[in-house]
Visitor: 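Structure provided below as structure tokens; questions to follow.
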Protein chains: 2
Amino acid sequence: MAMLTPVSQDSFDRSRCSVAGTLAVVGEKWSLLVLREAFLGVRRFADFQQALGAPKAVLTDRLGTLVAEGVLRREPYQAEGARLRHEYRLTPKGRDLYPTLVALMEWGDRYLADGPPPLALDHRGCGAPVRVALRCDEGHEVAGPRDVHARPGGPAALPG
Amino acid sequence: MAMLTPVSQDSFDRSRCSVAGTLAVVGEKWSLLVLREAFLGVRRFADFQQALGAPKAVLTDRLGTLVAEGVLRREPYQAEGARLRHEYRLTPKGRDLYPTLVALMEWGDRYLADGPPPLALDHRGCGAPVRVALRCDEGHEVAGPRDVHARPGGPAALPG
DNA sequence: ATGCTGGGTTCGCTTGACGAACCTTGCTCG
DNA sequence: CGAGCAAGGTTCGTCAAGCGAACCCAGCAT
């Protein structure tokens, strides 16, 4: 009857939970939207502000937090005939949040759509739509939570 | 030089963005953690409260919102010798947020770890670790945002 | 009747989001 | 030279949201 083995309900240390940890980094309002824009190529403060409509103070704080967390890096850059400015660019750590963003987008496309999805992702070159998938290391397709066993502890409980 | 085609920076209607829409549903504080617990098999108010440590008022509000959005459903249930109570269970719409949660968890495992990941996901039966992956409909592996072309508009811009 | 338990609601306090206004630096234009 | 302007912030007052503690209520057990 239980969809997932409820063993984890008691023995799993929630204070170290990676979901909570990740949300502590990118879970504040605007943070993930800032990253969405970053993935779309936005780099400058004013462009983030215009795209998002977020208050400047909040945007300053979010960008600062994301830089402090190593998700973005703040780089000086030279526009010709203009003074030195900064731009915010994704680090590899930030780029690894891409599947998360795509997963959020895909869910929204499926359930919130009042029309066609506003943004489509195509595989570069091949042109086919890109989707998130769950898969195990043996290559099997994982349909959903019912196919997954959640186990507290390390990545593979090596016996003796 | 641009990592992604910046065409979308102007022509993409952000007010309808699916990332923003999804975050409007599950982006408040505690919402995604409530769902994490739901995926672990938690169903009752008191169990959510104990697992999360969230204020009751906030938890009441989040559960109510998630029910109103159709992510959870509130079901009466019968414990023997006890009065009628309710439990909160994932709907199919809620279950489809699983890849999002796994993506968040995987990122946290990779970048926030001070030790082994607190929770491991294994493919039921096969036992191999479960991961999120990006793939296109042709079956190609998609490594990251550089392999993706973001295009505003419908899922496939049908010509004429 | 008394208390316990699950599932909340109410209340003050503190934190965070918000928009408008202001500031600073270094261009360009007259 | 000085004025104006733009990017990138900071400051301020207001208002919503999160917080923990306390309280409430229905119904079963004693």
Side-chain angles (χ1 to χ4, degrees), chain A residues 6 9-10 14-15 19-20 23-38 41-69 72-89, chain B residues 6 9-10 14-15 19-20 23-38 41-69 72-89:
Chain A
Q9 286 187 39
D10 293 321
R14 281 159 168 91
S15 72
V19 176
L23 290 174
V25 175
V26 297
E28 284 167 306
K29 222 174 193 169
W30 298 110
S31 292
L32 283 166
L33 295 176
V34 165
L35 291 174
R36 175 196 67 182
E37 296 304 323
V42 172
R43 291 179 187 171
R44 297 209 302 276
F45 187 94
D47 292 338
F48 281 110
Q49 206 215 327
Q50 191 197 336
L52 298 173
K56 289 170 123 187
V58 176
L59 188 53
T60 301
D61 184 82
R62 290 307 169 276
L63 287 169
T65 301
L66 292 172
V67 169
E69 295 287 350
L72 298 178
R73 78 194 124 96
R74 191 171 192 253
E75 272 201 346
Y77 88 107
Q78 188 70 333
E80 50 181 322
R83 78 181 200 272
L84 185 73
R85 299 197 180 285
H86 299 277
E87 56 183 7
Y88 297 89
R89 310 194 55 175
Chain B
Q9 287 186 38
D10 293 322
R14 283 160 167 90
S15 71
V19 176
L23 289 175
V25 175
V26 298
E28 284 166 305
K29 222 174 192 172
W30 299 111
S31 293
L32 283 167
L33 296 175
V34 165
L35 291 174
R36 175 197 65 182
E37 296 302 323
V42 171
R43 290 178 187 172
R44 298 208 302 277
F45 188 94
D47 293 337
F48 281 111
Q49 206 215 327
Q50 192 199 336
L52 297 173
K56 289 170 125 190
V58 175
L59 188 53
T60 301
D61 184 82
R62 290 308 170 274
L63 287 169
T65 301
L66 292 172
V67 168
E69 295 286 351
L72 297 178
R73 76 193 126 95
R74 191 173 192 252
E75 272 201 348
Y77 89 107
Q78 189 66 335
E80 49 183 321
R83 76 183 200 272
L84 185 74
R85 299 196 180 288
H86 299 277
E87 56 183 9
Y88 298 88
R89 309 194 55 176

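Chain identifiers are assigned alphabetically (A, B, ...) following the order of the sequence lines, protein sequences preceding nucleic acid strands; residue numbering begins at 1 within each chain.
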Visitor: Going 5' to 3' through nucleotides 11-25 of chain D, assign each nucleotide B (protein heavy atom under 4.0 Å from a base atom), S (under 4.0 Å only from sugar-phosphate atoms) or - (no protein heavy atom that close).
Guide: B------SSB-----
Visitor: Round to a whole Å and report the spacing from NE2 of B:H86 to P of C:dG8.
Guide: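 Atom-to-atom, B:H86 to C:dG8, this comes out as 7 Å.
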Visitor: Atom CZ of A:F48 and atom CG of A:L33: how far apart are they, to the nearest 0.5 Å?
Guide: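 Answer for the CZ-CG pair, A:F48 versus A:L33, is 11.0 Å.
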Visitor: Can you pull out how bent the helix from C:dA1-D:dT30 to C:dG30-D:dC1 is, comparing the axes over its first five and last five pairs, to 10°?
Guide: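 The end-segment axes of the helix from C:dA1-D:dT30 to C:dG30-D:dC1 are tilted 10° relative to each other.
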Visitor: State the CZ-NZ distance between B:F45 and B:K56, to the nearest 0.5 angstrom.
Guide: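 Going from CZ on B:F45 over to NZ on B:K56, the span is 6.5 Å.
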Visitor: Working to the nearest 0.5 Å, report the span between CD of A:Q50 and CG of A:L59.
Guide: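 If I round to the nearest 0.5 Å, the distance is 12.5 Å.
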Visitor: Any side-chain N or O of A:R74 below 4.0 angstrom from OP1/OP2 of D:dG9?
Guide: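 Indeed, a polar side-chain atom of A:R74 lies that close.
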Visitor: Nearest 0.5 angstrom please: B:L63 CG to B:H86 NE2, how far?
Guide: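 Reported to 0.5 Å precision, the distance equals 12.5 Å.
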Visitor: How far does NZ of A:K29 sit from CG of A:L52, to the nearest 0.5 angstrom?
Guide: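 Answer for the NZ-CG pair, A:K29 versus A:L52, is 13.0 Å.
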Visitor: Let's go through B:V26 and B:V34 carefully: what are the C-alpha distance in whole Å and the side-chain angles of both, what is the deciding distance for side chain to side chain contact (heavy atoms under 4.5 Å, CB included) to 0.1 Å, and is it a yes or a no?
Guide: CA-CA 10 Å; B:V26 298; B:V34 165; over 6 Å; no
Visitor: Does a side-chain N or O of A:Y77 approach OP1 or OP2 of D:dA7 to a distance below 4.0 Å, or not?
Guide: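 It does not, given that no N or O in the side chain of A:Y77 lies less than 4.0 Å from OP1 or OP2 of D:dA7.
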Visitor: Calculate the interatomic distance between A:E75 atom CD and D:dG8 atom P; express it in whole Å.
Guide: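 Those two atoms, CD and P, are 14 Å apart.
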Visitor: Specify the separation, in whole Å, of atom CD of A:Q49 and atom C1' of D:dG8.
Guide: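 Distance, rounded to whole Å: 9 Å.
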Visitor: In whole angstrom, what separates B:D47's CG from C:dG8's C1'?
Guide: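 Whole-Å distance recorded here is 15 Å.
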Visitor: Distance check needed: C:dG7 P versus B:L59 CG, whole Å only.
Guide: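 So the CG-P distance, B:L59 to C:dG7, works out to 11 Å.
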Visitor: Roughly, in whole Å, what's the span from CD in B:E87 to P in C:dG8?
Guide: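 Interatomic distance, CD of B:E87 to P of C:dG8: 12 Å.
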Visitor: Figure out the CZ/C1' separation between A:F45 and D:dT10, and round it to whole Å.
Guide: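 It works out to 10 Å between those atoms.
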Visitor: Starting at CZ of B:R62, measure out to CD of B:E28 and round the result to the nearest 0.5 Å.
Guide: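 Those atoms lie 4.0 Å apart.
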Visitor: Starting at CZ of A:R85 and ending at C1' of C:dC27, how long is that distance when rounded to a whole Å?
Guide: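 To the nearest whole Å, that distance equals 8 Å.
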Visitor: We want to know whether A:R74 and A:Y88 form a side-chain donor-acceptor pair, criterion being a heavy-atom distance below 3.5 angstrom.
Guide: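 Their side chains do contain a donor-acceptor pair, which is all the 3.5 Å distance test asks for.
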Visitor: Mind checking A:F48 for me? I need base, sugar-phosphate or nothing, with any heavy atom below 4.0 Å counting as a touch.
Guide: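 Nothing, no nucleic acid heavy atom in range.
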Visitor: List for me each residue that meets salt bridge (charged side-chain N to carboxylate O under 4.0 Å, His left out) alongside A:R44, sequence neighbours excluded, and say none if there are none.
Guide: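 Testing A:R44 for salt bridge (charged side-chain N to carboxylate O under 4.0 Å, His left out), a comparison that skips the adjacent residues, returns A:D47.
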